[in-house]
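Just below is one structure, and these are the notes that go with it.
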Amino acid sequence: MSPETLVQPSLSIPSLPVSTADFDQYVMSTYARFPLTLERGAGCRVWDTDGREYLDFVAGIATCTLGHAHPVMIEAVTQQIQTLHHVSNLYYTSAQGNLAKWLVEHSCADRAFFCNSGAEANEGAIKLARKYAHTVLGIQSPVIITAHASFHGRTLATITATGQPKYQKNFDPLMPGFYYVPYNDIAAIEDAVALLDAGERQVAAIMLEALQGEGGVRPGDVAYFQRIRDLCTEKGILLILDEVQVGMGRTGRYWGYENLGIEPDIFTSAKGLGGGIPIGATLCKSFCDVFQPGDHASTFGGNPFACAVALAVCQTLEQQNLLSNVQARGEQLRTGLRALAQQYPDVIAEVRGWGLINGLVLHPDAALTSSDIVQAAIAEGVLLVPAGPKVVRFVPPLIVSEAEVDQVLQAMQRAMVG
Ligand SMILES: *Cc1c(COP(=O)(O)O)cnc(C)c1O
């Protein structure tokens with residue numbers, strides 16, 4: 001049978017409507033969902049099953065880089081599925097090679113390993129750091145220092161890396177080999193390295209987010225990260241940055257670390273990398289690329305489908321100069337939210353963020369929580385996501401327009417009144 005006979009261009013796969021009650025009967029209840037069933041998206045907008053329109057300032061949590069139904073993604077998906085969508089990593093494919101090349105040419109890394117998610121990318125980074133510790137540093141019991149309020153994923157190793165007990169509760173025994181310090185605290189990290197070096201366990205790596213996303217949209221301090229970079233270089237230990245949420249143009253630069261004037265030895269990417277197609281990557285400098293054939297693998301990782309779409313997203317980011325849009329729209333959003341903060345000084349403490357990852361920070365003693373504000377915003381046709389109980393996060397697609405940011409600011413005015 002020729003490929004032409006197989007292709008049915010007008011075929012569409014309708015999805016039968018499902019009630020939220022049915023959904024909850026059949027799907028495990030790992031998420032507290034808003035009572036909305038989303039059906040369709042275009043650009044920065046999505047529609048629910050009642051036909052209500054929302055401005056999507058969640059974007060799959062900083063994932064839909066190009067928004068919904070972007071023509072470039074439609075074309076990349078269509079072309080690649082018609083050409084070759086999956087083969088094993090037993091073989092070479094151009095799509096994986098070209099994506100790795102783009103990432104290396106647009107970052108400080110020399111090489112990439114592909115997987116399917118942020119947690120998996122961080123698992124790869126942790127394994128790489130441990131192997132480097134064993135084989136290069138001669139450390140028998142390597143420790144990775146991470147930060148309080150961090151978030152690195154939901155696998156056992158990454159909930160252990162995550163410095164938040166709420167993600168670890170009832171899942172012990174956790175993974176050995178992690179040690180936690182407060183974020184943005186230079187003295188604490190110096191003490192931790194000294195303490196661990198004096199004991200029998202030794203520090204192999206420090207793993208941080210350039211800006212803590214889930215932990216409350218908390219940007220890293222430049223002086224803190226520069227001290228850590230020096231400390232890692234002095235001690236020969238690895239600096240790992242989790243760029244899963246802030247990478248891929250989210251901050252107005254390709255990578256979060258560019259805002260800090262430093263380079264990591266290893267970094268991870270996922271969320272925005274495929275624009276909503278599942279893909280993750282662990283990237284590293286060549287000196288610490290100690291993986292050899294058989295050390296690490298992933299069946300779906302780097303398949304031609306995900307890689308071709310991710311490459312199309314990367315090229316669009318570059319060719320359409322989206323970084324300057326991210327910078328301008330981020331300024332516009334922060335300016336508007338700061339005006340709102342001045343109107344409600346008893347409720348809003350601060351507005352902080354980089355590019356298009358911004359947090360509206362509520363006073364710790366304000367009666368309102370971030371969920372209250374998110375609920376009120378939904379009623380005004382805007383989707384937002386909490387980053388902890390007192391921070392409302394704004395992470396729209398990077399293609400968001402000036403008019404759309406204005407609309408969201410107006411809706412926030414109404415939401416605060418209501
Ligand atoms: C979302 C996130 C992860 C986990 O990514 P998954 O794809 O959900 O596994 C890891 N680190 C950071 C910083 C994240 O924001």
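Fair warning: this is a prediction, and the values are worked out from it, not measured in the lab. Just follow the structure's listing: the first ligand is 1, and inside any ligand the first atom is 1.
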Ligand 1 contact on [X] by region, counting heavy-atom pairs under 4.0 Å:
X: Glu120; value: neither
X: Arg154; value: neither
X: Ser117; value: both

*Check each atom of ligand 1 against the heavy atoms of His152 and keep those under 4.0 Å away; list them by number with element.*
10 (C), 11 (N)

*Please identify which atoms of ligand 1 are closer than 4.0 Å to at least one heavy atom of Asn122.*
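Atoms satisfying the 4.0 Å criterion: 10 (C), 11 (N).
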
*Looking only at protein heavy atoms, which one is nearest to atom 9 (O) of ligand 1, and how far off is it?*
Ala119 N, 2.7 Å

_Val244 versus ligand 1: do any nitrogen or oxygen atoms come within less than 3.5 Å of each other?_
no

_side chain to side chain donor-acceptor pair (under 3.5 Å) partner of Glu380, chosen from Gln410, Gln407, Arg414_ =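 The option that passes is Arg414.
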
*Using a distance-only test with no angle check, is there a side-chain donor-acceptor pair under 3.5 angstrom linking Asp372 and Thr369?*
yes

*asked:* Under a 3.5 Å threshold, yes or no: a donor from one side chain and an acceptor from the other, between Arg229 and Gln226?
replied: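 The criterion, which ignores hydrogens and geometry beyond distance, is not satisfied for Gln226 and Arg229.
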
_Pairing of Glu214 and Arg393 as salt bridge, 4.0 angstrom limit_ = yes

*Looking only at non-hydrogen atoms, which of Gly247, Cys115, Gly118 approaches atom 5 (O) of ligand 1 most closely?*
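Answer by nearest heavy atom: Gly118.
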
*Which atom pair, heavy atoms only, marks the closest approach of Gly359 to Val217?*
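Scanning both residues completely, I find the closest heavy atoms to be N-CG1, 3.5 Å.
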
*Name the orientation class of the two ring planes belonging to Phe394 and Phe57 (parallel below 30°, tilted from 30 to 60°, perpendicular beyond 60°).*
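Perpendicular: the ring planes of Phe394 and Phe57 meet at over 60°.
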
